[in-house]
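Here is the structure we will look at.
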Amino acid sequence: MRFNCNGQWLDIELAHLVVAGWTGRDQAAIQHHIDELAAIGVTPPSATPLFYRASAGLLTQSPRIQVVGGDSSGEVEPLVVQAGGRRWLGLGSDHTDRALEAHSVALSKQICAKPCADQLWEWESVADRLDEIVLESWIHEDGEWVPYQQGSLSAIRPLTDLIASAGLDDLARDGAVAMMCGTFGAKGGVRPASHFRMAMSDPAKGRKITHDYATETLAEVA
């Protein structure tokens, strides 16, 4: 994959993808997300947080993904990338098949592409104020863009804790690794949309990473 960081292009061949789940710092917020997913049939997690493995090839910068059936949806997440002894912060969407999630969360993480922005920030440039980083998402619904998620990294467990718990440093010895680090509750509940837009803002430096993508629904053939 090719990412841009401070005007310099980085070619990174990912070997591993980790999707961290149930990463809220506030137990009430975790329970809210558990409850909204339970409302669509998803079994509560055995522990929090959990670290799901997925194929590295699922991460994509494409503006369009294809899914089978109409039960998938996106969710904005911070994306940690490690390669060659370096670390960056980026932006991604853990697009998930909600129908399959009701059967197996682990399998649902594997079935959909994971869109991400082609920009990264150097870890050292944000490491001292990660809690200030703001993430937002919108869905295209009834002909207009509707706010879907909003929160800061202060609502997610410290990313350094997640990195350590997931064993990213060990994985990175075997090749580049990326990890999606959790999300926020959805305004109005989790639901599919034809288009998903997301942004990550750094108020201290007045900079922003954005990405949006369309979801093409393929027929579910019995």
Side-chain angles (χ1 to χ4, degrees), residues 1-20 23 51-65 74-95 109 112-138 149-184 196-213:
M1 302 184 72
R2 173 163 278 201
F3 293 94
N4 189 287
C5 181
N6 295 331
Q8 300 292 320
W9 287 102
L10 305 169
D11 290 311
I12 298 175
E13 185 176 350
L14 286 177
H16 308 283
L17 176 62
V18 178
V19 181
T23 62
F51 300 95
Y52 305 98
R53 297 297 300 274
S55 298
L58 293 176
L59 201 65
T60 178
Q61 296 164 344
S62 173
R64 179 178 295 272
I65 65 171
E75 49 188 38
V76 64
E77 306 208 359
L79 178 73
V80 172
V81 178
Q82 286 192 206
R86 299 175 64 188
R87 181 182 295 163
W88 301 268
L89 181 66
L91 174 69
S93 171
D94 177 19
H95 202 97
K109 299 302 182 187
C112 295
K114 309 296 185 189
C116 70
D118 65 359
Q119 288 182 274
L120 296 173
W121 291 334
E122 292 179 337
W123 185 261
E124 293 77 10
S125 73
V126 292
D128 63 345
R129 59 178 190 286
L130 284 170
D131 281 359
E132 301 173 15
I133 302 300
V134 176
L135 286 91
E136 301 170 275
S137 71
W138 301 260
Q149 296 169 284
Q150 193 276 334
S152 71
L153 293 192
S154 63
I156 294 175
R157 289 175 187 256
L159 299 191
T160 50
D161 290 356
L162 296 178
I163 288 166
S165 297
L168 249 59
D169 290 342
D170 289 338
L171 285 175
R173 295 190 183 99
D174 187 41
V177 57
M179 179 171 70
M180 291 189 167
C181 301
T183 193
F184 317 102
F196 188 86
R197 176 175 290 171
M198 55 186 171
M200 182 170 69
S201 304
D202 179 3
K205 289 196 172 183
R207 58 182 177 172
K208 180 180 290 189
I209 294 176
T210 63
H211 185 68
D212 58 80
Y213 64 94

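Numbers here simply count residues along the sequence, with the first being 1. Below, all heavy atoms of this structure are taken into account, side chains as well, without hydrogens, waters or symmetry copies.
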In the structure I gave you, are the side-chain heavy atoms of [X] and [Y] within less than 4.5 Å of one another anywhere?
X	Y	answer
Met179	Leu171	no
Ile65	Pro115	yes
His211	Val76	no
Arg157	Ser165	no
Ile156	Leu162	yes
Lys205	Trp121	no
Trp123	Ile163	yes
Met200	Leu89	yes

Calculate, to the nearest 0.5 Å, the distance between atoms [atom1] and [atom2] belonging to [X] and [Y] respectively.
X	Y	atom1	atom2	answer
Leu59	Leu14	CG	CG	6.0 Å
Glu75	Met198	CD	CE	11.0 Å
Asp169	Arg87	CG	CZ	5.5 Å
Arg207	Ser125	CZ	OG	4.0 Å

Of all heavy-atom pairs between [X] and [Y], which one has the smallest distance, and what is that distance?
X	Y	value
Ala172	Gln82	CB-NE2, 3.9 Å
Ala176	Ile12	CB-CG2, 3.5 Å
Ser55	Leu17	O-CD2, 3.5 Å
Cys181	Leu159	CB-CD2, 3.8 Å
Cys116	Leu79	CB-CD2, 4.0 Å
Lys208	Gln119	O-OE1, 4.2 Å

(request) For the pair Lys114 (side chain) and Lys109 (backbone), establish whether a donor and an acceptor sit closer than 3.5 Å, ignoring hydrogens and angles. (result) yes

(request) Verify, without hydrogens or angle tests, whether Ser62 (side chain) and Arg64 (backbone) share a donor-acceptor contact under 3.5 angstrom. (result) yes

(request) I would like to know whether Glu77 and Thr23 meet side chain to side chain contact (heavy atoms under 4.5 Å, CB included); could you show each step before the answer? (result) CA-CA 11 Å; Glu77 306 208 359; Thr23 62; over 6 Å; no

(message) Quick check on side chain to side chain donor-acceptor pair (under 3.5 Å): which of Gln150, Arg197, Gln149 does Ser137 satisfy it with?
(response) Gln149

(message) Show, in sequence, the C-alpha distance, side-chain angles and deciding distance for Ile133 and Val126, and conclude whether the side chain to side chain contact (heavy atoms under 4.5 Å, CB included) test is met.
(response) CA-CA 8 Å; Ile133 302 300; Val126 292; 4.3 Å; yes

(request) Sorted by first residue and then second, give each salt bridge (charged side-chain N to carboxylate O under 4.0 Å, His left out) pair with at least one member in residues 171-184; sequence neighbours left out. (result)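 Qualifying pairs: Asp170-Arg173.
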
(request) Mind jotting down which residue pairs meet the ring-ring contact (aromatic ring centres under 6.0 Å, His included) criterion with at least one end in residues 75-95? Sequence neighbours excluded, please. (result) His95-Tyr213

(message) Please determine whether a side-chain nitrogen of the Lys or Arg among Asp118 and Arg2 lies less than 4.0 Å from a carboxylate oxygen of the Asp or Glu.
(response) no

